[in-house]
Amino acid sequence: MSLEDLQAGRCIAHVDLDAFYVQVELKQHPSLIGKPTAVVQYNPNGDLSTLRPDEERIFNRSNGSLIAVGYEARAKGVKRGMRGDEARKACPDLNLVQVPVAHGKADLTLYRACGKQVLGILARLSIAERASIDECYLDISEEAKKRMAACAGHPPLPVNLEQVHVCGEEGEGAAEAWWHRPVGVWAPGQRLLACGAAVVAELRAAVSRELGFSCSAGIAHNKILAKLASGMHKPSQQTVVTLDCVPGLMGALPIPKLRQLGGKFGEEVMAALGISTVGELAAVPLRRLEAVCGQDDAMWLHRLSRGIDDEEVKERQLPKSISCGKTFRGHTALKDFPAVHKWLGELASELEERISADREENERSPGLLTVGMWGEGGPGTSGGSVSRSCPLRRPESALMAADALKLIKRWAAERPGWAITSLYMTASNFSSAPTGASTITRFLKPRLGSPLPATSAPGQQQQPTILRSPTPSSSGQLVQSASRHSKEPPGPSMAPSAAEQQPEELSMQQGQQALTADSASGVLVAAAALQQAPESALQADVQPSSTASVAAEGVVSDGVKCSNYGESSGRNLGHGDGAQVDAAAVAGKQDQAGCSLDAPLLLQCTEEEIDPEVLAALPADIQRELRLAQMMARRPPPTAAEAPRGRPLPRAKQSAQSAKRARHGRPGRGTAPITDFYRRTPG
DNA sequence: TCACGATACAAA
DNA sequence: GTTTGTATC
Ligand SMILES: Nc1ccn([C@H]2C[C@H](O)[C@@H](COP(=O)(O)OP(=O)(O)OP(=O)(O)O)O2)c(=O)n1
Ligand SMILES: [Mg+2]
C-alpha cells in the first residue's frame, strides 16, 4: 500500500446528531418544535417516583443541569452544564424537558433506542463504529470508490447541496463551484472525498426522512479529520476536509480541539513545549517530542499535527458494556447499609432489565459483573474509589445487589463515619447466548438460564458458544479472547489485586481475616457453581463458615482440589510493578487453573458439566476440542517480569496505541519536510 | 505476546 | 449527572 493510500486512500465519515436529546424530546413533545428547548437532568435524590418516556415531561421551572441544548437556545447563550436558573437568565422563554426517571435515577432508554435506530440507517452502506449514543464513524471508502469509478472524472453532486461545505471554499455556492471544477485539477483524494460526500448526503437524508432527525457530518481521509470536520458546520450540514486544506485548517487550531488532546495529556504536552496550536506542534522536531513524551506518543503527535491518522473504523454497532450508576452528593451521601442496599437494589434492577432486553435484541449475555463506588472515609481514614468484579452467571437483581453489598460492607468495615458518594454496576464481557435448538449448548447443563425460543436477530450472526473461540465475531460485539473472566469457578471476587497496587485502605484484605474468609467462600462458591447454585462470586460472604466447611470436603475439577482457592484469589500474578510471586500464590493459581481458570471461553464447559455419555456421543472433533481446551486450562500462569519504571512522562491514554497497531511508517518517511509544514498554506 | 483485575483518563 | 471506551500497571 502506497503512502498515498495511507494518507488519502480512505474515505471516513463522522456523523453526529444535532442536539440529540433535544431532538428526541421534540419528537415526544411536538408543541416545542421551533421553540428554545433544553433537556435537564435533576437528581431525584430520595424520590423513587418515575417519569415515563411517553409522558409529558416539560418542567420549565426546573433548576436541573442542562445536558443538551437546542440551537434556538444556544443562539441566546444557553450552554450545556448550566443550571435551569442560570439558563433562564440568558433565555427567559427557555423550555425544559426532564429526562425520564426510573429506579430513582435518570433513565436513558429512550435516547439509546433512538440512537440505535439512527445507526441502523447509517450502517446500510458500510461498516459503522458506534462512537457514542449519537455519533458514529463510517468507512465508506468502498462505496465512494464505486461511485468514483462510475463518474467519469466528475463526482456526483450531493443531494441537499445547500447543506454541503468544503473546507477552505467558504461562501455562497462555493461547494457547488468546487464540484464543478474541470476534470484536470482534481486530485484523486479529492474525488474520493467528493464521492463520499454524496454518499453521506444520502445517508443523512435517509435519517431525516425516516426518523425525522437532523445530523451533521464530516468527510475526510481519517477519523481525526472527519471528527474535526463534522463540527465545522452545524446543525444539519456536512463538511469535506481534503488533504490540501489541512495546513490552513489546523495551523492555528488549538491543540485541545483534537480528539484525545482535550484532557490532561494535551495540557501536559502544551505546557512542556510551551505551545498551544497544532501548527506549533508540527514545528517541534520529532526528537524533541520524544524527549517530552514517549516514543509512540511522540510519533502519534508528529503525524497528527500533519493531519495523518491511520486508526481504523471498527465494525461495532453495539455497546461493549451496560452500566448504571448514581451519585449521592453532599448531604445525600449514603451513610448506612439499608440505604446502600436500597440503591444497589435499584441499580441492579435497572441492570437486570437492560441485560434482559439486550439479550432478547442481540442474543448475547454478559459474563462479568463489576461493582464500584466512590466514598469518603471518616476522620483519619482515606476515601477514594473501589471496584471489584466477579463472574456474572445469572443476571438477577437480587443476586447482583447482594453481591454488590459485600464490597460495600468490606470497604465500610474499617471506616467509621464512612459516606458513599457514588455507586455503579457494570455488566460486560458479552458472549453469544444462543437461542436456537441446533447448538451444542443443548448438551450442556444450563448455565445462563433456559434457552430462549429460536428467534432471528437481523445482522447479528451467532455461533454456538462452544464453537466460537477460533472465529472472529462478525462485528466485534462478542468476546473473542481467551476467557470472559478469570474467576472460573468464581472466587471471592472482591479480593484485592496485587496489594502493592492498592491504596492503603484496602490492605486489610491481605490480612488473616480476609484470607480465611476468602478461602472459605472460594470453596463455597466453587461448589455452588458446579451445581448451578444461584450465587455469583461476590456473594461469597465472610460469615457462613459452616456452609464453607460443607463444601470444603473436596471440590474437584479435573482431579485438582480447589480448597486453597482463596489464598491467591484475585492476586495479579501475571506481571505488574515488580510484584513478587510467592510460591503459595502460584500454587493457588494453578489450582484455580485446574478449575479452568484462564480457560478459553469454550473451556468453561468442563467435563463436569457434560453428561459423559453425551460427550462420548459428540463428534470426534468436538471431543478433541474440549479436551485440548481443558489441557490449556491447566497451563501454569506466567511468572512476573520486572519492568523498570522510567520517570513520569506525559502519556496519551489511547491514540498512540491505536496508531502503533495500525503499523504506520517510521519517522521521516511519509511526512512532509517539516518545520515549515504549515507554511505551505497561510494559516 | 497474551490474560487478567483494578484503576485512570477522555469523551458524549 | 449518567454513561461508554480504551489505556496502564
Ligand atoms: N456531557 C455530556 C455530553 C452529551 N450528553 C448527551 C446529550 C447529548 O444530546 C448527546 C450527544 O452529545 P453531543 O456532544 O453530540 O451534543 P449534542 O448532540 O447535544 O449537540 P451537538 O449538536 O453539538 O452535537 O449526549 C451527555 O449526556 N453528557
Ligand atoms: Mg451530537
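All heavy atoms count here, side chains included; hydrogens, waters and symmetry mates do not. Chain identifiers are assigned alphabetically (A, B, ...) following the order of the sequence lines, protein sequences preceding nucleic acid strands; residue numbering begins at 1 within each chain.
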(request) Using whole Å, report how far CG of Asp296(A) lies from P of dT8(C). (result) 9 Å

(request) With the side chain of Leu368(A) defined as its heavy atoms from C-beta on, choose the nearest nucleotide among dC9(B), dG5(B), dT2(C). (result) dG5(B)

(request) Tell me what Asp134(A) touches on the nucleic acid: a base, only sugar-phosphate, or nothing, going by heavy atoms under 4.0 Å. (result) sugar-phosphate

(message) Using OP1 and OP2 only, check whether a side-chain N or O of Arg316(A) sits under 4.0 Å from dG5(C).
(response) yes

(request) Could you check whether Glu267(A) gets within reach of a base, just the sugar-phosphate, or nothing at all, counting any heavy atom under 4.0 Å? (result) nothing

(request) Round to a whole Å and report the spacing from OH of Tyr137(A) to P of dT6(C). (result) 12 Å

(request) May I ask you to decide whether Arg259(A) forms a salt bridge with Glu311(A), counting only side-chain N to carboxylate O separations under 4.0 Å? (result) yes

(request) Considering just the side-chain nitrogens and oxygens of Arg112(A), establish if one lies under 4.0 Å of OP1 or OP2 belonging to dT3(C). (result) yes

(message) I need the residues from residues 321-334 of chain A with at least one non-hydrogen atom less than 4.0 Å from DNA chain C; give them sorted by number, or say none.
(response) Ser321(A), Ile322(A), Ser323(A), Cys324(A), Gly325(A), Lys326(A), Thr327(A), Arg329(A)

(request) Please work out which of the three classes, parallel, tilted or perpendicular, describes the rings of Tyr21(A) and Tyr111(A), given edges at 30° and 60°. (result) parallel

(request) Report the distance from atom CG of Asp107(A) to atom P of dT2(C), rounded to the nearest whole Å. (result) 12 Å

(message) Looking at dA6(B), I'd like to know if its phosphate oxygens (OP1 or OP2) sit under 4.0 Å from a side-chain N or O belonging to Ser389(A).
(response) yes

(request) Take Glu129(A) and Glu350(A), find for each the nucleotide of DNA chain C with the closest heavy atom, and name the residue whose nucleotide sits nearer the 5' end. (result) Glu350(A)

(request) Rounded off to whole Å, could you give me the OH-to-P distance for the Tyr111(A) and dG1(C) pair? (result) 17 Å

(request) State which residues pass salt bridge (charged side-chain N to carboxylate O under 4.0 Å, His left out) with Glu346(A); sequence neighbours excluded, sorted by chain then number. (result) none

(request) With sequence neighbours left out, write down each residue that passes side chain to side chain contact (heavy atoms under 4.5 Å, CB included) with Lys326(A), or none if nothing qualifies. (result) Asn43(A), Pro44(A), Lys105(A), Phe328(A), Trp343(A), Leu347(A)

(message) Of the options dT2(C), dA10(B), dA12(B), whose atoms approach the side-chain atoms of Glu135(A) most closely?
(response) dA12(B)

(request) Tell me which nucleotide among dA8(B), dA10(B), dT3(C) gets nearest to the side chain of Ser385(A). (result) dA8(B)

(request) Would you indicate which nucleotide in dT6(C), dA6(B), dT4(C) comes nearest to any side-chain atom of Ser387(A)? (result) dA6(B)

(message) Rounded to whole Å, how long is the line connecting atom CZ of Arg130(A) with atom C1' of dA11(B)?
(response) 13 Å

(message) Can you tell whether the side chains of Asp358(A) and Arg364(A) come within less than 4.0 Å, N to carboxylate O?
(response) yes

(message) Could you work out, with side chain to side chain contact (heavy atoms under 4.5 Å, CB included) as the rule, every residue matching Asp107(A), not counting sequence neighbours?
(response) Pro100(A), Ala102(A), Thr109(A)

(message) Classify Leu261(A) by what it touches in the nucleic acid, base, sugar-phosphate, or nothing, heavy-atom distance under 4.0 Å.
(response) sugar-phosphate

(message) Nearest to the Ser132(A) side chain among dT2(C), dG1(C), dA12(B), which nucleotide is it?
(response) dA12(B)

(message) What is the separation between atom NZ on Lys227(A) and atom C1' on dA12(B), rounded to the nearest whole Å?
(response) 8 Å

(message) Whether Arg259(A) contacts dA10(B) is assessed here as follows: a side-chain N or O lying under 4.0 Å from the phosphate OP1 or OP2. Is that the case?
(response) no

(request) Round to a whole Å and report the spacing from CZ of Arg410(A) to P of dA6(B). (result) 11 Å

(message) Rounded to whole Å, how long is the line connecting atom CG of Leu66(A) with atom P of dT2(C)?
(response) 15 Å

(request) Considering just the side-chain nitrogens and oxygens of Lys320(A), establish if one lies under 4.0 Å of OP1 or OP2 belonging to dG5(C). (result) no

(message) With a 4.0 Å cutoff (strictly under), does any side-chain N or O of Arg354(A) reach OP1 or OP2 of dT3(C)?
(response) yes

(request) Could you pull out all residues at least two apart from Ser214(A) that satisfy side chain to side chain contact (heavy atoms under 4.5 Å, CB included)? (result) Asp18(A), Gln23(A), Ser236(A)

(message) Run the side-chain hydrogen bond (donor to acceptor under 3.5 Å, both in side chains) test against Arg52(A) and tell me which residues pass, sequence neighbours left out.
(response) Asp54(A)

